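Position 1 is the first residue of the sequence; numbering continues from there. All of these numbers come straight from a predicted model, not from anything done at the bench.
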Amino acid sequence: QVQLVESGGGLVQAGGSLRLSCAASGLPFNSYTMGWFRQAPGKEREFVAASRWSGGLTYYANSVKGRVTISRDSGKNTVSLQMNSLKPEDTAVYYCAANRFGAVTDKSYEYDYWGQGTQVTVSS
């Protein structure tokens, strides 16, 4: 059974940093593209970043590019999202997702498995 479990969310002041982690189990981690999405209240879920192990390919949303870094640890089957220079508009529930076909994509429907999410709140 595939499980994705996020951690690391919390309350931070604008300009601060947070590191989110997602522990994956039940899947061949290095064969999957791992992504992060977020959903703010009243808004649609939006793409944040994605990472494919093969080739080390990464992809970021324009809204977070330069402030966010996605990384993977294949030994621990974890994917992390380091977020710096946080803004109040980054406030959302952040979700980890896995795409078994390996495409580095920003389309949520192309991801097969999802975590439960972790809340990130950025105060002004």
Side-chain angles (χ1 to χ4, degrees):
Q1 182 177 357
V2 175
Q3 281 194 312
L4 302 177
V5 180
E6 303 97 335
S7 62
L11 173 64
V12 63
Q13 288 190 330
S17 298
L18 275 178
R19 186 177 181 86
L20 307 183
S21 291
C22 172
S25 61
L27 53 76
F29 185 71
N30 289 349
S31 298
Y32 278 64
T33 286
M34 301 300 296
W36 285 95
F37 288 76
R38 66 186 182 186
Q39 188 166 18
K43 295 188 176 181
E44 293 187 354
R45 190 169 297 190
E46 67 171 355
F47 170 75
V48 178
S51 168
R52 187 176 72 189
W53 178 254
S54 175
L57 190 63
T58 58
Y59 179 33
Y60 296 94
N62 288 334
S63 59
V64 302
K65 199 173 293 184
R67 301 188 296 120
V68 165
T69 302
I70 188 170
S71 60
R72 306 170 65 128
D73 185 334
S74 62
K76 297 180 180 179
N77 281 12
T78 59
V79 58
S80 298
L81 191 70
Q82 177 67 43
M83 303 189 294
N84 302 321
S85 302
L86 284 163
K87 306 174 182 180
E89 51 263 43
D90 293 318
T91 295
V93 177
Y94 283 71
Y95 297 90
C96 174
N99 174 351
R100 63 182 172 177
F101 293 111
V104 181
T105 174
D106 58 1
K107 304 294 189 293
S108 61
Y109 59 79
E110 295 195 46
Y111 288 80
D112 304 283
Y113 303 104
W114 293 83
Q116 293 299 308
T118 185
Q119 176 71 48
V120 170
T121 303
V122 184
S123 64
S124 56

Within-4.5 Å side-chain heavy-atom neighbours: T78 and F29: no
Approximate separation, where rounding is to 0.5 Å, of Y60 OH and T69 OG1: 4.5 Å
Heavy-atom pair of closest approach, residues A40 and A92: N-CB, 3.8 Å
Nearest-0.5 Å distance that lies between atom OH in Y59 and atom NZ in K65: 7.5 Å
Hydrophobic cluster identity match, W36 and V122, side-chain contacts under 4.5 Å: yes
CD on Q82 to CZ on R19, rounded to 0.5 Å: 5.5 Å
Atom of W114, atom of S108 and distance for their closest heavy-atom approach: CZ2-O, 3.4 Å
Aromatic plane relationship, Y113 with Y32 - under 30° parallel, 30 to 60° tilted, over 60° perpendicular: tilted
Non-hydrogen atoms of A14 and P88 that approach each other most closely: CB-CD, 4.1 Å
Within one Ile-Leu-Val-Met-Phe-Trp-Tyr cluster: V104 and L81, side-chain cutoff 4.5 Å: no
Matching residue for T33 among T58, V79, N99 - test: side chain to side chain contact (heavy atoms under 4.5 Å, CB included): N99
Shared hydrophobic cluster, L4 / I70 (ILVMFWY, side-chain heavy atoms < 4.5 Å): yes
Sole candidate of T91, V48, T118 that passes side chain to side chain contact (heavy atoms under 4.5 Å, CB included) when paired with R38: V48
Side chain E6, main chain G117, donor-acceptor under 3.5 Å: yes
Gap between atom CZ of R72 and atom CH2 of W53 - 0.5 Å precision: 7.5 Å
Straight-line distance of S51 OG to M34 CE, nearest 0.5 Å: 9.0 Å
Steps toward side-chain contact (heavy atoms from CB on, under 4.5 Å) verdict (Q39, Y95): CA-CA 8 Å; Q39 188 166 18; Y95 297 90; 4.2 Å; yes
From Y109, Y111, Y94, residue fulfilling ring-ring contact (aromatic ring centres under 6.0 Å, His included) relative to F37: Y111
side-chain contact (heavy atoms from CB on, under 4.5 Å) between M83 and V120, worked out: CA-CA 10 Å; M83 303 189 294; V120 170; 4.0 Å; yes
Check: L57 main-chain N/O paired with R52 side-chain donor or acceptor under 3.5 Å: no
Euclidean distance, N62 CG relative to F47 CZ, rounded to 0.5 Å: 10.0 Å
Heavy atoms of other groups near Q116 CD, more than 12 under 6.0 Å: no
Over all atoms of both residues, closest heavy-atom pair of G9 and L20: N-CD2, 3.6 Å
